[in-house]
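Quick caveat, the model's predicted, so the values are computed rather than measured.
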Amino acid sequence: MSAGADALTPVTAVFVRLKLSLLRNGLRQSAGRRAAYVASAVVVLLVAALQLIGLIALRGHSHADALVVLLVTVLALGWAVLPLFFPSGDETLDPTRLVMLPLRPRPLVRALLAASLVGIGPLFTLCLAAGSVVALAHGPAAYAVGVVGALLTLLVCVALARAVAAANVRLLTSRRGRDLAVLSGLVVAVGAQLVNFGAQRLGSAGLAELAPVSDVLSWLPPGSAMGAVRAASEGAYGTALARLALCAALLAGLLVVWDRQLTRLMTAPDGSTLPAGGAARERRAPGPARLLPAGRTGTVMERSLRYVWRDPKTKAAWVTSLAIGLIVPVFNALQGSGSVYFACFAAGLLGIQMYNQFGQDTSAFWMVAMTISAPRDAYVELRARACALLLITLPYAALVTVLTTALLADWAALPEALGLSLALLGAMLATGAWTSARFPYSIPQDGYKNVAPGQAGLAWISIFGGMVAAALLCAPVIALTVWLSVRAGGDAWTWVVLPVGVVYGAALTALGLRFAAPRTARRLPEILTAVSKG
């Protein structure tokens, strides 16, 4: 017994120290990455503090338990889904990197669980759980139950995320898993919008609307942990213990599933490494590819479109953007609270696909780099990638704008809405080309992460910084639209926004590509190093 404990303790301690070392070494790599990490940490901690204050302010509210139970349940769902599709994770959390180590799955589960508790995400979850306990607990017994419930909530969230990730590591990196990735992306997109519209309705109807849902979720872990706090506050100690037991049972079940997944990963062969039954060569199908331009432009466009169709992570990102770009304006229009300008979501979300263009190539970018010897080569490469994106984005943005306009029966606003969408798309392409050269990061293909360890802050700064810059670049077209709307007789000239948006967006795209090309050619070694990290 003591020997097993002695053998277990060093493994756990080593993994915790490894997690801390990875965080520390990531901050030491460069001042830019250090600033990006600190900025993202400050934002997360600020949101956590605001959530904590808001939950404490709910103390004494008659329906506080309804919101808290639902909030904890949604948080757990986020832990289960979001790590698969958004930049997160580190080397200690990718079990495929530990296959060759002489470690048994059960001690490894405990060590990985302890390492997973180190980070900003667990701290955010703990703050939210603590605020939830303060909002619900009344009396010493309720606070005692709340301490146990908060810890169980944190452990369940972390174990759920790791179990789901371990179960999907090989699936998401295989060709057969790409359809699941696309389906999961749709689930995330639809689920996020349902939460958004639910919050809008809640704001007008009050917390009482959540009571029926909360009564059910208070018996489903991890929401049952907060339901136990409410039961203890009411003196129903038997109910409180039963709900805590349900949460503990789920945690035990997740650890068992995680253990089995690790056993499978460490003992079963990876099907992707087995020889294929047939060695038939893939031939270029005579189809739409023949319509692409000749030379390097057509080759790069075809390669980019093949990434969209074949690469699981690229395809999931595209499908998610397509789904959200349609759901946001259409759902709002169907509810009667929408605006034709919501159609700009389609152009904005699809424009994000221009960011980190070289990261999707991963280590294969060296073959592209070998063909770039001058800014002209870099310009043609970036222009072709932008053209491939426009093949999908232009008709889709126009379709969403027309559909939204039709649902709202506001055809007079169609020209200005479409003009704004195209101007925004041009700004996104321009800033995306520049940030692809200035802030490249790797998209690992051998795990469930979408960014290499140490580059998460860089990725967020690249995307959100570029989006802010794109919004600022669109300011002239936005100002023109506002001026025509408020000017007397300006409604007759709102159609001008469409040609202005087309010309302005095209000009921004051309200028962005021109500015990004020399930087791309000059920083090829740094880009290759950054995108090959994963």
Side-chain angles (χ1 to χ4, degrees), residues 193 196-197 200 321-322 324-355 383 386-387 389-434 464-516:
Q193 292 308 311
N196 177 36
F197 294 125
Q200 293 178 3
S321 297
L322 290 169
I324 297 179
L326 179 64
I327 289 172
V328 170
V330 169
F331 275 29
N332 278 280
L334 291 175
Q335 286 189 339
S337 59
S339 168
V340 292
Y341 301 112
F342 281 6
C344 294
F345 270 93
L349 290 173
L350 292 179
I352 293 177
Q353 306 307 318
M354 186 65 187
Y355 291 75
R383 184 185 63 186
C387 289
L389 188 145
L390 287 173
L391 282 180
I392 303 174
T393 306
L394 275 179
Y396 186 80
L399 176 63
V400 171
T401 305
V402 172
L403 180 60
T404 305
T405 305
L407 291 174
L408 294 172
D410 190 8
W411 293 104
L414 176 60
E416 52 188 310
L418 187 55
L420 283 173
S421 294
L422 298 180
L424 176 61
L425 178 59
M428 298 292 288
L429 293 179
T431 55
W434 189 84
F464 285 106
M467 291 172 63
V468 171
L472 293 176
L473 289 175
C474 288
V477 181
I478 297 175
L480 174 63
T481 305
V482 174
W483 180 71
L484 290 175
S485 299
V486 300
R487 178 177 178 269
D491 292 342
W493 292 92
T494 54
W495 62 269
V496 175
V497 178
L498 178 55
V500 169
V502 172
V503 174
Y504 188 75
L508 286 179
T509 301
L511 289 175
L513 296 176
R514 290 290 182 184
F515 281 121

Minimum heavy-atom separation for [X] and [Y], please, with both atom names.
X    : Y    : result
A430 : G512 : CB-CA, 3.8 Å
C344 : A417 : SG-O, 4.2 Å
C474 : Y504 : CA-CE2, 4.5 Å
W493 : L484 : O-CD1, 3.4 Å
Y355 : M467 : OH-N, 3.5 Å
L513 : A433 : CD2-CB, 3.8 Å

Between [atom1] of [X] and [atom2] of [Y], what distance do you get to the nearest 0.5 Å?
X    : Y    : atom1 : atom2 : answer
T404 : F345 : OG1   : CZ    : 11.0 Å
L498 : L420 : CG    : CG    : 10.0 Å
L508 : M428 : CG    : CE    : 12.5 Å
L399 : L394 : CG    : CG    : 12.5 Å
T509 : R383 : OG1   : CZ    : 13.0 Å

Which donor-acceptor pairs under 3.5 Å do the side chains of residues 346-354 make with protein atoms, sequence neighbours left out?
residue, atom, partner, partner atom, Å
Q353, NE2, S321, OG, 2.9

Before giving the answer on side-chain contact (heavy atoms from CB on, under 4.5 Å), spell out for V340 and L414 the whole-Å C-alpha distance, their side-chain angles and the decisive distance to 0.1 Å. CA-CA 7 Å; V340 292; L414 176 60; over 6 Å; no

Of L422, L425, L429, L322, the residue whose pairing with T393 passes side-chain contact (heavy atoms from CB on, under 4.5 Å):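 Output: one option passes, namely L425.
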
Going by the side-chain contact (heavy atoms from CB on, under 4.5 Å) test, name the single residue among L408, T401, L407, V402 that passes it with T405. T401

For V468, what residues pass the side chain to side chain contact (heavy atoms under 4.5 Å, CB included) criterion, not counting sequence neighbours? L472

Answer whether the closest heavy-atom distance between the side chains of L326 and L403 falls below 4.5 Å. yes

